[in-house]
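This is the structure I want to talk about, given as structure tokens.
Just so you know, residue 1 is the first one in the sequence shown, and it goes up from there.
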Amino acid sequence: MIRFKQLSLFQGSLPLLTDVNQTLYPDQKIGVVGKNGCGKSSLFSMLRNELSAEQGFLEFPPKWRISSARQETPASPLNAVDYVLSGHSEYANIQQQLKVAEASEDGIAIANQHARLDAINGWSLSALVAKMLTGLSFSESQMNVTVAELSGGWRMRLNLAQALIQPAELLLLDEPTNHLDLEAVLWLEGYLRNYEGMLLTISHDRDFLDSFCSHILHFENQGLTNYAGNYSQFEKQKHAKQVLQQAEFEKQQKEIAHLESFINRFKAKASKATQAQSRVKALDKMDKVSAVQIRQKFGFEFKDINKNITELADLNSLQAGYGDAVILKNVTMRIMAGQRIGLLGRNGEGKSTLIKVICGELEKQAGELSHNKHFKAGYFAQHQVEQLNLDQSPIWHIQSLGEGISEQDARNFLGGFAFNGDKSLDKVKGFSGGEKARLVLAMITWQEPNLLLLDEPTNHFDIEMREALALALQNYDGAVILVAHDKNLLESVVDEFWLVNDGRVKLFEGDLSDYQKWLNDNRWAKTKESDNNSSGESTSSDNASNQSGSTLSRKDQKRQEAELRKQKAPLTNRLKKVDIEMAKLQQEKEELEILLASSDIYLDENKSKLAESMQRSSEADQTLETLEEEWFDLTEKLESFS
């Protein structure tokens, strides 16, 4: 366990924690929440022994291993799989020792290292990493390129994979979903639900925290409170606690008023002096209950738009991409006023490309795209945040949007986005990521768009800002096209989903639960790489034929492909069944864990039910382990065909 004893932590002269007493237990999956700047990341630094408490004690098991994702990734020449494996310290050490033993042709040393590999299941780690990277939306080709060739966002995913692959008693994850798409977030939720060990994660995604957390550690008023349950349960408990605290405060205030009244009335009378003095002492000794501080919630709204518009944009047989690479082909869709569209699809399929074409950031390659003459798009993307002028103020940014915008008008408007007082005059370079994103949102709102194109708008937003954005979008009467990994935002804003997959865009019949099932069913489908399909029309088998210079006829090629599919079919079908069986067992395990966590199951009258549940839990673990071994065997056999 981890124990804080009368612990105080400062950031410079600013107190983050004061006289904290708290205990965290093994196997707890803890979401760490609190307003920005309260000390969440500093807590992680202290647990990693990078920061020391000013006073008090942190009791920590000395042999516990800690794993956390690095914030920077070097331009390594290793490929993605090998880079992740290098984060497994014991595996990396064995590999190093094995090289030394092989170089010296020391048979005994080689055998010893092989035995160490066996002990940590080292022979299957590469397959496990490949599975993990597939879950994090890596394509097969991305797994084989060097880390130096990957962009910053993909490198951050590798750091996350490194943290997950490293055996540890404590896993620390700081905003792990920030660089992930929805597919990867859904995979990570499932992974963390089954994680063994203590987990602390900082996140502003309430649905993410709801999916796996057993406890919520809340920073408030320089203290820490550990609530049992997920984020939604924490909110209910916190509200109930505030109601009780306010009632206690009001009750105490009445008692204080009564005591003070007695003291004021009788302190001058000799006959009552002793009684008055005793009440003064009672007042001094009283443990004061503070009033509940209800902080004003942040909120904003979009301006009304021209409601006479019916159709905003029309795409007909549209093709889009970059250079000679085709990402989207034959896209036909209409965007109507008031439509609420959520774009689904794996990373790299073209969601951002579609948004860029619609708003004019990217030229179409072919087909037709027409806009209503009153069309006005508001486009939010990560690069919009990066293009802010760091040496200028929020007021300057609003005034840059048009002629004749007075400083007072800009100041009044920015106040609605929590840029109050001198904050509206401060240079952007000192702003946090959330404040910069909020400024971009303010600039978009000022321009009164009738179509909002939002590409991962919540990456730097805290929970309060995400809720404010969701509410504003619900009240917005324009059209919305949204790409987000925040399930709560999608579910509260979107009316219909469109799937971007294999270069096509089509209506998706279903909700996010159906999309997760679709992802599971299509997990092993190979993603077409645009650089191998530059024409946008040729099939992968045609490309393979052209690249190899094969003289096989098209008929022979088809016969070979059919034979290959026939050989793979039993393996693929069995793999799907194993996936389904594993999912059912995992669901059953979760239900058993909830049952075994309840106090009622340990009552005398439930002894037989307890024994049965524990036996079934053990059987489920054993069956799941067998299925996982079969899964690895099947995937290795399937990979041998490629």
Side-chain angles (χ1 to χ4, degrees), residues 131-139 142 151 153-154 156-158 160-161 164 173 175-193 201 203-213 231 327-328 340-356 380-382 437 452-461 463 465-467 469-470 473 480-525 527 583:
K131 181 184 178 184
M132 187 177 287
L133 292 179
T134 299
L136 291 171
S137 302
F138 278 79
S139 66
Q142 284 176 306
S151 65
W154 288 104
M156 293 305 293
R157 296 187 193 210
L158 291 180
L160 174 59
L164 298 179
L173 298 178
E175 294 289 0
T177 63
N178 268 4
H179 298 279
L180 304 185
D181 55 15
L182 179 59
E183 178 193 10
V185 171
L186 294 173
W187 174 85
L188 182 59
E189 288 176 355
Y191 185 92
L192 295 179
R193 275 194 293 270
T201 181
S203 178
H204 291 129
D205 187 334
R206 60 180 303 148
D207 271 9
F208 179 68
L209 295 174
D210 272 349
S211 69
F212 64 87
C213 282
Y231 188 84
I327 306 297
L328 300 172
R340 306 301 181 92
I341 300 170
L343 295 183
L344 303 176
R346 289 174 290 213
N347 204 43
E349 290 285 358
K351 300 185 296 293
S352 298
T353 301
L354 177 62
I355 283 180
K356 289 177 182 177
F380 185 106
Q382 187 56 41
L452 286 172
L453 299 152
L454 307 177
D455 193 352
E456 295 291 0
T458 62
N459 273 355
H460 296 288
F461 287 169
I463 290 176
M465 183 63 194
R466 292 177 187 221
E467 291 176 348
L469 175 61
L473 289 173
V480 177
I481 297 181
L482 174 64
V483 176
H485 64 257
D486 188 319
K487 290 188 294 181
N488 183 64
L489 182 65
L490 285 167
E491 289 171 340
S492 61
V493 171
V494 167
D495 295 328
E496 58 186 291
F497 290 106
W498 287 71
L499 178 65
V500 184
N501 182 56
D502 199 20
R504 311 285 180 174
V505 182
K506 62 180 181 180
L507 182 67
F508 182 78
E509 299 288 350
D511 57 15
L512 291 180
S513 296
D514 297 309
Y515 177 60
Q516 189 162 12
K517 293 174 185 174
W518 181 90
L519 286 172
N520 291 336
D521 292 341
N522 292 270
R523 185 183 300 170
W524 312 117
T527 304

Legend entry - Distance in Å, Phe497 CZ paired with Asp514 CG, rounded so as to fall on 0.5 Å steps: 10.0 Å
Inset, instruction - Apply the test side-chain contact (heavy atoms from CB on, under 4.5 Å) to residues Leu354 and Trp498: give CA-CA distance (whole Å), side-chain angles for both, the deciding distance (0.1 Å), then the verdict. - result: CA-CA 11 Å; Leu354 177 62; Trp498 287 71; over 6 Å; no
Inset, instruction - Apply the side chain to side chain contact (heavy atoms under 4.5 Å, CB included) test between Lys487 and each candidate in Asp205, Leu186, Val185; give the one that qualifies. - result: Leu186
Legend entry - Side-chain (Asp181) to main-chain (Asn347) donor-acceptor, under 3.5 angstrom: yes
Legend entry - N/O donor-acceptor pair under 3.5 Å between Arg346 side chain and Ser139 backbone: no
Legend entry - Minimum heavy-atom distance between Leu490 and Gly342, given as atom pair plus value: CD2-CA, 4.5 Å
Legend entry - Distance, nearest 0.5 Å, that separates CG of Leu209 from CD of Glu189: 9.5 Å
Inset, instruction - Over all heavy atoms of both residues, which pair between Ser137 and Gln142 is shortest? Give the atoms and the distance, please. - result: O-OE1, 3.8 Å
Legend entry - Heavy-atom check, side chain of Pro176 versus side chain of Thr201, under 4.5 Å: yes
Legend entry - Euclidean distance, Lys356 NZ relative to Lys351 NZ, rounded to 0.5 Å: 12.0 Å
Legend entry - Side-chain touch Val493/Leu469, heavy atoms, less than 4.5 angstrom: no
Legend entry - Sole candidate of Ile327, Val505, Val500 that passes side chain to side chain contact (heavy atoms under 4.5 Å, CB included) when paired with Glu349: Val500
Inset, instruction - Apply side chain to side chain contact (heavy atoms under 4.5 Å, CB included) to Glu491 and list each qualifying residue two or more places apart in sequence or on a separate chain. - result: Asp207, Leu512
Legend entry - Residues Leu136, Leu158; criterion side-chain contact (heavy atoms from CB on, under 4.5 Å); working and verdict: CA-CA 9 Å; Leu136 291 171; Leu158 291 180; over 6 Å; no
Inset, instruction - Specify the closest pair of heavy atoms between Leu182 and Ala484, including all atoms of both residues, with the distance to one decimal. - result: CB-O, 3.8 Å
Inset, instruction - Please work out whether the ring planes of Phe208 and Phe212 are parallel, tilted or perpendicular, with thresholds of 30° and 60°. - result: perpendicular
Inset, instruction - Go through the steps for Leu343 and Ile355 under the test side-chain contact (heavy atoms from CB on, under 4.5 Å), then give the verdict. - result: CA-CA 10 Å; Leu343 295 183; Ile355 283 180; 4.1 Å; yes
Legend entry - Point-to-point distance, once rounded to the nearest 0.5 Å, from CG of Leu454 to CG of Leu482: 5.5 Å
Inset, instruction - Search all heavy atoms of Ile463 against all heavy atoms of Ser203 and return the closest pair with its distance. - result: CD1-O, 4.4 Å
Inset, instruction - Look only at the side chain of Arg466 and the backbone of His204, and say whether a donor-acceptor pair between them is shorter than 3.5 Å. - result: yes
Legend entry - Close side-chain approach of Trp518 and Asn501, heavy atoms under 4.5 Å: yes
Legend entry - His179 backbone acceptor or donor facing Arg157 side chain under 3.5 Å: yes
Legend entry - Between CG on residue Asn488 and CG on residue Asp210, distance to nearest 0.5 Å: 8.5 Å
Inset, instruction - Check whether any side-chain N or O of Thr177 sits under 3.5 Å from a backbone N or O of Leu180 as a donor-acceptor pair, and report yes or no. - result: no
Inset, instruction - Nearest 0.5 Å please: distance from the NZ atom of Lys506 over to the CG atom of Leu344. - result: 12.0 Å
Inset, instruction - Would you confirm whether Tyr515, through its side chain, and Gly345, through its main-chain N or O, come within 3.5 Å as a donor-acceptor pair? - result: yes
Legend entry - Met132 vs Phe138, side-chain contact (heavy atoms from CB on, under 4.5 Å): CA-CA, chis, key distance, verdict: CA-CA 9 Å; Met132 187 177 287; Phe138 278 79; over 6 Å; no
Inset, instruction - Verify, without hydrogens or angle tests, whether Glu456 (side chain) and His485 (backbone) share a donor-acceptor contact under 3.5 angstrom. - result: yes
